[in-house]
Amino acid sequence: MFKYFIAGIVALGGLLLGFDGAVIAGAEPFYPTTLGFADDPFMIGLSVGSITLGAIFATLVAGPLGDKIGRKPVLIASAVLFALSAAGVALADGFTLFIIGRVLGGLGVGLALVMSPIYIGEIAPPHLRGRLVSFYQLNIVVGLSAAFFTNYFILKG
């Protein structure tokens, strides 16, 4: 039972990955005007895609970093980056802080994308490994779905 609990906690990275990547679509009609770049398609595209820029870099370093300092510290760093990202985006009063927050979220996404399934696979007993690792993948889809429903209610209301 404890392995399920730990795998569930680690799999939250997948939920955040899916949610963070898709929720921006519902916010996009609002934040460019608030942050002052509504008339610039490049800035809007950069603001949406900046999470991917951070994720690209993080996926390149996650494996070697996990080998060097351990899987758990990398997952903790991912969680810290998610928290910093949320705070940065929520408190952004301009384009720069907003992009920094989104890139930090991308770094968290990239680290979680690589490290979560590896960590779950390493802690899971062989007879549960497939089930527990697939729980991470399921959480990505749950996060995407949650973002799409959130977007629906934001845009509807």
Side-chain angles (χ1 to χ4, degrees), residues 1-28 30-31 34-35 46-126 128-154:
M1 192 63 172
F2 184 69
K3 300 292 183 184
Y4 280 100
F5 177 73
I6 296 298
I9 296 297
V10 175
L12 288 175
L15 184 95
L16 290 172
L17 185 160
F19 190 83
D20 239 10
V23 78
I24 194 75
E28 191 274 325
F30 307 105
Y31 70 81
T34 305
L35 298 177
L46 180 60
S47 68
V48 171
S50 57
I51 194 168
T52 307
L53 298 174
I56 289 169
F57 175 75
T59 56
L60 293 173
V61 300
L65 192 59
D67 290 341
K68 184 171 179 132
I69 67 170
R71 318 293 189 235
K72 199 177 198 180
V74 174
L75 288 168
I76 292 169
S78 174
V80 168
L81 288 166
F82 277 126
L84 291 173
S85 169
V89 169
L91 299 173
D93 58 355
F95 181 75
T96 303
L97 185 55
F98 187 79
I99 294 299
I100 290 169
R102 295 281 293 159
V103 170
L104 287 176
L107 292 171
V109 162
L111 293 177
L113 184 65
V114 173
M115 215 43 57
S116 294
I118 293 171
Y119 184 76
I120 294 169
E122 288 177 345
I123 66 159
L128 294 176
R129 192 165 295 139
R131 183 178 310 160
L132 294 180
V133 172
S134 66
F135 186 59
Y136 172 77
Q137 304 301 325
L138 173 66
N139 265 334
I140 294 173
V141 176
V142 169
L144 287 165
S145 299
F148 292 138
F149 284 113
T150 301
N151 290 343
Y152 170 77
F153 289 112
I154 288 171

Asks: Atom CD1 of I123 and atom CZ of F2: how far apart are they, to the nearest 0.5 Å?
Replies: 8.0 Å
Asks: Work out which heavy atom in L111 is nearest to a heavy atom in L81; give both atom names and the distance.
Replies: CD1-CD1, 3.7 Å
Asks: Is there a donor-acceptor pair under 3.5 Å between the side chain of S145 and the backbone N or O of V141?
Replies: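 A pair under 3.5 Å: yes.
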Asks: Mind checking what makes ring-ring contact (aromatic ring centres under 6.0 Å, His included) contact with F135, not counting sequence neighbours?
Replies: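 Per chain and number, F135 pairs via ring-ring contact (aromatic ring centres under 6.0 Å, His included) with no residue.
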Asks: Within a radius of less than 6.0 Å around CZ of F149, do more than 12 heavy atoms belonging to other residues, nucleotides or ligands occur?
Replies: no
Asks: Which heavy atom in M115 sits nearest to a heavy atom in A62, and how many Å separate them?
Replies: CE-O, 3.0 Å
Asks: Out of curiosity, S85 OG to I100 CD1, how far, rounded to the nearest 0.5 Å?
Replies: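 Spacing of OG (S85) from CD1 (I100) equals 11.5 Å.
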Asks: Quick check for you: to the nearest 0.5 Å, what is the distance between Y4 atom OH and I9 atom CD1?
Replies: 15.5 Å
Asks: Of all heavy-atom pairs between L113 and Y136, which one has the smallest distance, and what is that distance?
Replies: CA-OH, 3.2 Å
Asks: Got a donor-acceptor contact below 3.5 angstrom from the R102 side chain to the V48 backbone?
Replies: yes
Asks: CD1/I6 to NZ/K72 distance, rounded to the nearest 0.5 angstrom?
Replies: 7.5 Å
Asks: List the residues meeting ring-ring contact (aromatic ring centres under 6.0 Å, His included) with F98, not counting sequence neighbours, and say none if there are none.
Replies: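 Y31.
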Asks: How close do L132 and A124 get, heavy atom to heavy atom, and via which atoms?
Replies: CD1-CB, 3.7 Å
Asks: CG/L107 to CD1/I56 distance, rounded to the nearest 0.5 angstrom?
Replies: 11.0 Å
Asks: Report the C-alpha distance between I24 and I51 in whole Å, list the side-chain angles of each, state the deciding distance to 0.1 Å, and finish with yes or no for side-chain contact (heavy atoms from CB on, under 4.5 Å).
Replies: CA-CA 10 Å; I24 194 75; I51 194 168; over 6 Å; no
Asks: Report the C-alpha separation of L46 and L53 in whole Å, then their side-chain angles, then the decisive distance to 0.1 Å, and conclude whether the side-chain contact (heavy atoms from CB on, under 4.5 Å) test is met.
Replies: CA-CA 9 Å; L46 180 60; L53 298 174; 4.0 Å; yes
Asks: Listed by chain and number, what are the side-chain hydrogen bond (donor to acceptor under 3.5 Å, both in side chains) partners of D67, not counting sequence neighbours?
Replies: R71
Asks: Side-chain contact test, heavy atoms from C-beta onward, threshold under 4.5 Å: evaluate it for S134 versus L138 and give yes or no.
Replies: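 A side-chain contact is absent here, since even the closest heavy-atom pair is not under 4.5 Å.
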Asks: CZ of F19 to OG1 of T150: how many Å apart, nearest 0.5 Å?
Replies: 4.0 Å
Asks: Hey, is CZ on F57 packed in by over 12 heavy atoms from elsewhere, all under 6.0 Å?
Replies: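 Not buried by this count: 12 neighbours or fewer within 6.0 Å.
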Asks: Could you pull out the closest heavy-atom pair between A147 and V23, with the gap in Å?
Replies: CB-N, 3.6 Å
Asks: Shortest non-hydrogen contact from F148 to A22?
Replies: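 Taking F148 first and A22 second, the nearest heavy atoms are CE2-CB, 3.8 Å.
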Asks: Is N151 reaching over with its side chain to a backbone N or O of G26, donor-acceptor style, under 3.5 angstrom?
Replies: yes
